[in-house]
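By convention in this document, chain letters (A, B, ...) are assigned in the order of the sequence lines, proteins followed by strands, and residues within each chain are numbered from 1.
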Number of protein chains: 2
Amino acid sequence: MAGGSRQSRERATIIDVAAAAGVSRQTVSNVLNNPDRVAADTLTRVHREIDRLGFSPNAAAQQLRRRKASAYGFEVNPSGVGRMGHILDGFLVELTVAAPGHSCHLVTFAPDLANLLDGYDQILATGLVDGFVLGDTRHGDPRPAWLLANNVPFVTFGRIWDDPQMGRWVDVDGRSGMELAVEHLLAQGYTSVAYLGWPDGSPVGDDRRRGWLAGLAGAGLTRAPLAEEAAQDLTAATAAAERLLEHLAPGGAILCASDLLALGALRAVRNHGLEPGEDIGVVGFDDSDVAEALQLTSLRQPLQEAAAEAWRIVQAPGTDLSLTALLAPTLTVRSSTVRSSTGRGTPNPTTTPTPTPSATRPDGIPIPEEQ
Amino acid sequence: MAGGSRQSRERATIIDVAAAAGVSRQTVSNVLNNPDRVAADTLTRVHREIDRLGFSPNAAAQQLRRRKASAYGFEVNPSGVGRMGHILDGFLVELTVAAPGHSCHLVTFAPDLANLLDGYDQILATGLVDGFVLGDTRHGDPRPAWLLANNVPFVTFGRIWDDPQMGRWVDVDGRSGMELAVEHLLAQGYTSVAYLGWPDGSPVGDDRRRGWLAGLAGAGLTRAPLAEEAAQDLTAATAAAERLLEHLAPGGAILCASDLLALGALRAVRNHGLEPGEDIGVVGFDDSDVAEALQLTSLRQPLQEAAAEAWRIVQAPGTDLSLTALLAPTLTVRSSTVRSSTGRGTPNPTTTPTPTPSATRPDGIPIPEEQ
DNA sequence: CTGAAAGCGCTTACAG
DNA sequence: CTGAAAGCGCTTACAG
């Protein structure tokens, strides 16, 4: 009445259920948490009242009593420059989808980057979360060691390249993905596979480059591999791809370390009067929106599996450093690696099933009610 | 000892602080929640102990006692097909950044879309959240009416076009954005502004189209406006832009309802042997990664302001339907609307300050430690 | 198999 | 201005 808002109905508590079922409230609690200790008929009777009253245990009361939030923090930050694909947004979605299956939920937070660990300590101090899912790892990242030292459960998405001893990560095997892509390109009839990657020194990039070389070696193509480098920037990528095309004849392909680099490759191919797919195969990495829009074949990270593994690891008791999961990416094949003269009708059994053209390239889809 | 993990240090409670400061625990509580009721010297003494012990009130205990979670649910879903830009991911980030300033936090959840309201009711029933921030609105969306009927605080990002009476929204004024873009294009020296939009019937698209027409009218250009339509699909957009170019001479510009449509326009321009910016101006909407990568001028939604307004509205007491916020987008100017012959050195005062070329187009940025 | 007791950590009126 | 009392809704040993 006094100006405040009022919930339309008060939620039933465990007391209400107990009274309705004619038992004590700890029996209701046992029905929920230790059903094996409760007699069969009591169980059904209590369950009936729970359903009838629409009872759900109050989360705050459970958290307080159990001394456990069953919640994990996820750090979000504005997207970095040139960081196409926003793979972490997809990871966050999959974590959220899988959370109820692990009886927990996700709380987002944005720590002050100048006092990063303070932000972690702060949210931990309130008991709002029990641990953290780290969406990425940085060079010299202080978080894993700090969390470990403080006995805080965590898991990272991305290996901690700095410290091979450090476990508790989920990652995608860029190297095997690149091998898969090389196999695909050769099966499609491309005669050679050049590489467009980042400059040496990036662990992720170096790993992908090794995958490309391993793929070539697997096919016996060890002679004079062709490669160029560019930073994660479209202009630089286009220029680097132009340099590749001085040595790469039609019928060849360019394997790229990212979708943005692949976008540069597509541009360079067109600038040379060639057709992507038909004349020069192009493969990107991350299967971003851009890849979909441009019909670019791209390696896709298995985010759903990654989320499942992340929950498994972060919820594992103790701080076992041997917990890791290395997942293989799949290849989403689009027209940038299809040669109408040779590619059609010869599906490559090692690749992901190719979606039908109408699925990857829907003409006339309904207009989204976007912002 | 018994196989379980153990926090390295037990967190201090209000009791510890009270004992250390030589007061009762309710005085400590008053120091935090009603400092005006506490004597000045007591205040400093208690604060000193709070800092020394690193005390933070336990969130679960507060939630239980206050009967309020100070948390809001945010529904996440896998991105739709063709939905470039992921504007909601940016909105989620800004909400998270602003949350502590509003003494609350965000919990993500992914309801079963087949029983959407059940998912909302479920998370509400546990008391985990007090209300919801809806990231989008759909046609015939059942959520606003349901939330209203159940006295649940909420705010939507996007007007509820179906029901003009329905308030509690934050939205971006696409119409004024389009007017701004037309002004910019004319100031840059383009002689005419054609439109590439979605088919009639989408409220958001229709609003943007009206903005384009209003912009033309404002400049006295009411004769035979040139427009084409395409669904949110690159192939269709390119074809539609090709049709525009049959009637649009160099020196003209194409204003697009989305970055994806603008991508089609860029392609069509190049297919005609023309240079975007130099020969034909192109403007997109949403300032997505793609816009940045392709040097596309684009309208940008003010997500930070939107998040601030969303918190204001969702936390307002009661369910006042008059709470709304319509925000003006800004224009991020890139080379797709720069004519080297005329545009240089004549900045348009109505547009957003143009970032320096080196800021929008960084050559040699560090390689991100991406997944 | 079931219930009485204790308590998680805090806040809210309300005496003094 | 400060403190004793009550209680938010649940779970966890532990008697019976």
Side-chain angles (χ1 to χ4, degrees), chain A residues 2 4 7 9-47 49-50 53-71 103 124-128 130, chain B residues 2 4 7 9-47 49-50 53-71 103 124-128 130:
Chain A
Q7 288 296 100
R9 43 176 165 153
E10 294 296 320
R11 297 281 173 186
T13 73
I14 203 172
I15 302 271
D16 300 322
V17 175
V23 296
S24 74
R25 73 176 191 273
Q26 29 280 73
T27 296
V28 177
S29 181
N30 279 332
V31 166
L32 262 26
N33 301 311
N34 300 93
D36 49 302
R37 294 188 193 162
V38 180
D41 58 328
T42 310
L43 212 55
T44 48
R45 191 153 36 94
V46 171
H47 266 133
E49 294 308 321
I50 286 174
L53 296 170
F55 168 72
S56 291
N58 179 279
Q62 287 183 317
Q63 291 173 208
L64 179 58
R65 184 56 239 242
R66 290 177 175 158
R67 318 184 107 256
K68 182 176 165 182
S70 295
S103 306
L124 211 49
T126 65
L128 201 56
D130 301 321
Chain B
Q7 287 296 103
R9 44 175 162 152
E10 295 296 320
R11 297 281 172 186
T13 73
I14 203 172
I15 302 272
D16 301 323
V17 176
V23 295
S24 73
R25 72 176 190 276
Q26 31 281 72
T27 296
V28 177
S29 180
N30 278 331
V31 167
L32 262 25
N33 302 309
N34 300 95
D36 48 304
R37 295 189 194 162
V38 180
D41 58 326
T42 309
L43 212 54
T44 48
R45 191 152 36 93
V46 171
H47 266 134
E49 295 307 321
I50 285 175
L53 297 169
F55 168 71
S56 292
N58 179 279
Q62 287 183 317
Q63 291 173 208
L64 179 58
R65 184 58 240 240
R66 290 177 175 159
R67 317 184 107 257
K68 182 175 167 184
S70 294
S103 305
L124 210 50
T126 64
L128 200 56
D130 300 322

Has A/Asp130 got a side-chain atom pairing as donor or acceptor with A/Ala69's backbone, closer than 3.5 angstrom? yes
About how many Å separate CG of A/Asp16 and CD1 of A/Ile14, when rounded to the nearest 0.5 Å? 10.0 Å
pair B/Val46-B/Ile50: side-chain heavy atoms closer than 4.5 Å: yes
Taking Watson-Crick and G-U wobble contacts under 3.5 angstrom, with | marking pairs to another strand and [ ] crossing pairs, the secondary structure of DNA chain C is written |||.||||||||.|||
When you list every nucleotide of DNA chain D with an atom under 4.0 Å from a heavy atom of chain B, which one comes first 5' to 3', and which comes last? D/dC1 to D/dG9
From OG (B/Ser24) to CD1 (B/Ile15), nearest 0.5 Å: 9.5 Å
Remember a base hit wins even if backbone is also touched, and classify B/Arg37 as base, sugar-phosphate or nothing at under 4.0 Å, heavy atoms. base
Quick one: does B/Val38's side chain get under 4.5 Å of B/Arg45's, heavy atoms only? no
At their closest point, which heavy atom of B/Leu53 faces which heavy atom of B/Ala20, and how far apart are they? CD1-CB, 4.2 Å
For DNA chain C, whose closest nucleotide is more 5', that of B/Leu64 or that of B/Asn34? B/Leu64
By nearest-heavy-atom nucleotide on DNA chain D, the more 5' of B/Gly22 and B/Arg66 is B/Gly22
Less than 4.5 Å apart, side chain to side chain, heavy atoms only: is that true for B/Arg66 and B/Asn33? yes
Need to verify one output field. Residue with the more 5' nearest nucleotide on DNA chain D, A/Ile15 or B/Arg25? B/Arg25
Please tell me if the side chains of A/Asn58 and B/Gln63 come closer than 4.5 Å, counting only heavy atoms from C-beta onward. no
B/Gln62 and B/Leu32, any side-chain heavy atoms less than 4.5 Å apart: no
Output the residues of residues 54-63 of chain A in contact with DNA chain C, where contact means a heavy atom of the residue under 4.0 Å from an atom of the strand; sort by number or write none. none
Approximate separation, where rounding is to 0.5 Å, of B/Ser56 OG and A/Leu128 CG: 11.0 Å
